[in-house]
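What follows is a set of notes on a single structure, which appears directly below.
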Amino acid sequence: MLSPMTKKPLEHLVRAAGTVILGKDNQIRLALSCLLARGHLLIEDLPGVGKTTLAHALAQLLGLSFQRIQFTSDMLPADILGVSVFDRDSGAFRFHPGPVFTQVVLADEVNRATPKTQSALLEAMEERQVTAEGQTRPLPEPFFVIATQNPSTQIGTYPLPESQLDRFLMRIELGYPDHAAERDLLSGIDRREILASLQPCLAPDELLLHQQAARAVQVSAALIDYVQALVAQTREAPEWQAGLSPRAALALLAASRAWAWLEGRDHVLPDDVQTVLPGVACHRLHPAGENAARLSPAEVATRLIEAVPIP
Amino acid sequence: MAKSNSPAVSTSQTWWLLGAALTALVPLIPHVPPWLVALALLLLAGRALLNWTQRKLPARRWLVLLTFAGTAGVLAQFKTLFGQNPGVALLILFLALKPLEARTRRDGLAVVFLCYFLILAQFLFDQSIAAAGMMLATIVTVTAALGSLADARARAADLLRRSGVMLLQAAPFMLLLFVLFPRIQGPLWGLPRDAFSGLTGLSDSMAPGSISNLSQSDAIAFRARFAESPPRDQLYWRGPVLNDFDGRTWRIERRLPAQRLPYVPQGPAIDYEVTLEPHAKRWLFALELPGSLPPDSLMTGDYQLLAKAPVTARQRYKASSHTTMSVGLDDSEHVLQRARTLPPDFNPRTRALAASWRQQHGSDDAAVLDAAKRFFLSQGLAYTLTPPLLGQHSIDEFLFETRQGFCEHYSGAFVFALRAAGLPARVVTGYQGGETNPFDGYFTVRQYDAHAWAEVWLADNGWTRIDPTAISVPLRIEQNLAAAVPAGSNVPFMARLDLALLRELRLRLDALANNWNQWVIGYNPERQREFLDRLGMRAPDWRQMTATLAVLAGLVLLGFTAWALRQRRRTDPVQRTWIRLGRKLQRRGLPRHPWEGPLAYAGRIAVRFPESATEIGTISTLYGRLRYGKLDPVLFSELKSRVARFQP
C-alpha cells in the first residue's frame, strides 16, 4: 500500500508530459487519473492539437508498451485483434496477435472505422481479453486504450453510438494551446525528439500499486450524498434528455478517487468530483432543449454543478 | 403558437393530456347530448391516432371550421349558448379540440386547466359520494398529466404517485378551508338548473293509479331525525290536501297560504329535523300537525305546509308536531260546504248507500261515520299494487265489483261516501310510516311510503283523521307496504321483508350517503355554526373564522416546513463550522455558493484576501479532511478555533 506521500513520481510524470504537451496540465492530469482508475480515455478534438502526442508521451513516461492503430474505413476486426496463419513448419495454425496486445493502445481516429471494427476494439476494452477462433487470450496488464476521435461532424466518420461511448471512462478535449504555449511550441525543438528522449518515471509494478491505492481512497457518506444528488439532478431536471446511469455514477466516483490520489489526498472532496465531472459525465449526458447542441461540455457540466448544492 | 418559446409536448406528454381529457369527459357523458359525446371521443381518438403514427397536426383552418360547426351544433341543440348545459357542452367541445392544436407545453397547460374546470362542472349535475370519488380519481389523473408536462421523462407510476402525494399534502388545507371558510347561504351547486325532470314525488292531484306508481320506487323522499321516535300509527306525514273531485281525479284547492298557523297548537310536541330531497314542488312534509312554521314556509287553510319556492335542492328544516289536537272547530260554513261538494253524475250506488246511512242515523254524524267504517270493514276489500282498471263510476266499481285497490282507492271512495252522506271530508296525501336506519339513526321515508288517507270534520272534534286503509288492511300501517300486499307482488327492494343481508348493506350505503349530504353537501352557515360551536368556537362570525383559518393554515404550513427542515437539519457539526466561515465571509461580500466545493471557495478567498491565503488553505484542507476523510476530534477543535480566529 502506498501513502499519498509517494505521489512524487506521478508529479514528476505530469511535469515531464507537460514539456511535450504545452499548457495542457489539466488534461494531462485527467488522462492520468483515467489511467489510475483503470478506465479508457477518449480524446475528441480537431486533428493536430496533440492527441497522439499526449498518448505517446503517457505510454513512454509510464514505461508501458505502446501500439498505435490508425483506424480507416476499410479496416477489419482481424487487423486489430490478430489472425491465425498456417505455419508450414509446425503444420498448424499459429495465432499472430494484433496490435491490441499491448499495454497502451492508441486507437487513432476511431470514428473513421466501420462500426464492426469499432466494436471489436470496444469489446476488447471491456473484457480485457480477446477471443479469436474459439480461444480466449488475456490482454496485458495494465491495459489502457486511448482513442482519439475527430468531431463527428466531419466528413467520412462513423460516430460512436451512446452505448459505445459509455465504455470510455472519460472523454476529454485538448483544445488549442493558449498564446504563450503555442509560441513556445513554435519556437522550441521538435516535439518528436523530446518524446523520444523521455524516460519512464515509474517502475512497471508501481503503476499497479498506484491503481490499487487510488481505488482505496476514502469516500465519505457526505460525498456519496453529493454524487447521488448530482445523478438525481440529471434524472429529474427537464434540461437533460436522459439521466446518468449507475455505471456512470460508479465511473464518477472512480475518477474522483484517482484525481484525489493524484492530488495527494486520501479522501475525495466535492471539488474532485466537480473537476472530473465534465470528462466523465458529458459524453453520457445530452441536454434537452433548443440551445442544447451549442453547449460545450464544460458549459453542460457547469450547469449541472451549479444546480446541485453540496450537502 | 408555432413561434412560441414554450418547449414542444412529447409523445408521452400527449398521451397524458389525452388521458386527462378523457377522464374529465367520462363523468359528464350522461349530461351532454350524445352527438357531442361522439364528436368529442372522435376528436380525441383522432388526436391519439396522430400521436401514435407521429403524423402532423391538422391545419388551423380545419380547427376553426370544427370549432364553428361544433358551436353551431350546441346552439341548435340548446337554442342558446348560455346556461349550465350549453356551457358544459361548449367546454367539452373545446376540450376535445384543444389537443389537436397542442404543440407546446403552454397548449398542454391549457388542456390541463380546462380539465380541472370540467371536473368542477361535474358537481353541477351530481353531488353524490360516487361522483366525488370519481372526481378524486380524475383529479389525480389530471394532476399527473400536469406533472408530466413538467417532467417529460417520469414514468407513469411515478407521476401518479407524485400527484397522489401532492393531493394528500393539500388535504389538510382543503379540510381547513372546508370547515372554516365562511359559508354563503344557499346551495352552491343548485344554481342554474335547466330542468328538474326525473324527480319523483307526490303531485297535486290523485287519480286511481297515481300513488301505486310511486309505490314502485324506493327512492328516498326525506329523512327525519327524532329526539324521541313516535309510535308508528302516528307517523302520518302530511302533504298535499285534495279537496276538489271531478268524478275521477282529486285535486288540491288553490288557496292563498298564510305566514302563520291557522290554529293554536296544544298538547305534547314531538321535535325532529327533516332533510327533504328535492322534488321540484313547493310542499314540505311534517307530521300531523306541525306546531310551528319552519323558516321560509307558509301554511294553507287546509294545513298544508308550503315552501316559498319549489324545493329544487336538498332542504333541511326543524319542526315540532302535536299529534293529538283538535283543529278547525270554527271553520266557516263556506269551507265545510266545499268539503261536501260532489259532481252530480257519478257513482249512483255509493250515493244511494250513503243516503241510506243518513236516513238510518238522522243527524248523528258520528253514527254515519261508524256506518261507513263498518261498511269498509265488511266489504272484504283487498289491498293490491295492481288494481284492475276502472270505468266511469270508478268508486262504485271499486266498492261493489272489483274490491281491489290501493290507498288512493280506499281514501277516495271513503271521502266520496262521507260527502255523499253529507259529512265534510277531504283526501290527504303524504307519506305514512318510514323506517329507522340502524346505522345512523335517521328515520328514512321512501317514495313507496306514499299514502292517502281521509279527513272528516266532526262538530265536536273538528278535522279528524280517518285512514280507511288502516280499517281494511291494518298491516299497511302496522308494518309496511310489503306486509300488506299479497305475497309475490312486485314490491320495491327496500320495502321487502326478506333479503336481510342485502337490505342491511343498502341501509349502510344510505347512512353513508346521508352523512355525506348532511355534513358535506349540506354544510351551510347553520351547520357550520353548529359544528364550530361543538369545537368550542362560540357564535363565530366571518372575521373570527377567517382569522382562525389563517392561523391554522399557517400552523399546518409551519408543521410542513419544520418537517422539511428536520429532513435537512441533520447538518454535520464539521459542516456547521464551514457554514459559519461562509457567513463570516458573506459579511465581507464573499458568500459561499451552495454548489461550491471547499477548495474552490478557498481559492476564491485566497484571491480576494491574499494575506490570508495560507490560513484559508490550512482551514480548507482541515475541513476537507474532517468532513470527507476521517473525523479526528483534535483536528476538529483546531478547525473550530481557526475558523473562530479567522479575520480576513
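These numbers come from the heavy atoms of this one structure, side chains and all, not from hydrogens, waters or symmetry mates. Numbers restart at 1 for each chain; the letters A, B, ... are given by sequence-line order, proteins then strands.
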(message) Please give me the minimum heavy-atom distance between B:G597 and A:P270, naming the atom from each residue.
(response) CA-CB, 4.4 Å
(message) Which heavy atom of B:A600 sits nearest to which heavy atom of A:D271, and what is that distance?
(response) N-OD2, 2.7 Å
(message) Please classify the contact of A:Q274 with chain B as side chain, backbone, both or neither, using a heavy-atom distance under 4.5 Å.
(response) side chain
(request) Measure the shortest side-chain to side-chain distance between B:R627 and A:I310 over non-hydrogen atoms and say whether it is less than 4.5 angstrom. (result) no
(request) Heavy-atom distances under 4.5 Å only: say whether B:A8 touches chain A with side chain, backbone, both or neither. (result) neither
(request) Mind checking the CD1-NE2 spacing from A:I305 to B:H593? Nearest 0.5 Å is all I need. (result) 12.5 Å
(message) Heavy-atom count check: over 12 atoms from other residues, nucleotides or ligands less than 6.0 Å from B:R592 CZ?
(response) yes
(request) Kindly check if the number of other-residue, nucleotide or ligand heavy atoms within 6.0 Å of CZ (B:F560) is above 12? (result) yes
(message) Can you tell me if A:R235 has over 12 outside heavy atoms packed within less than 6.0 Å of its CZ?
(response) yes
(message) So, taking the atom named CH2 in B:W595 and the one named CG in A:L304, what distance separates them when rounded to the nearest 0.5 Å?
(response) 12.0 Å
(message) Quick check on the interface: out of A:V268, A:T275, A:V219, who has the most heavy-atom pairs with chain B under 4.5 Å?
(response) A:V268
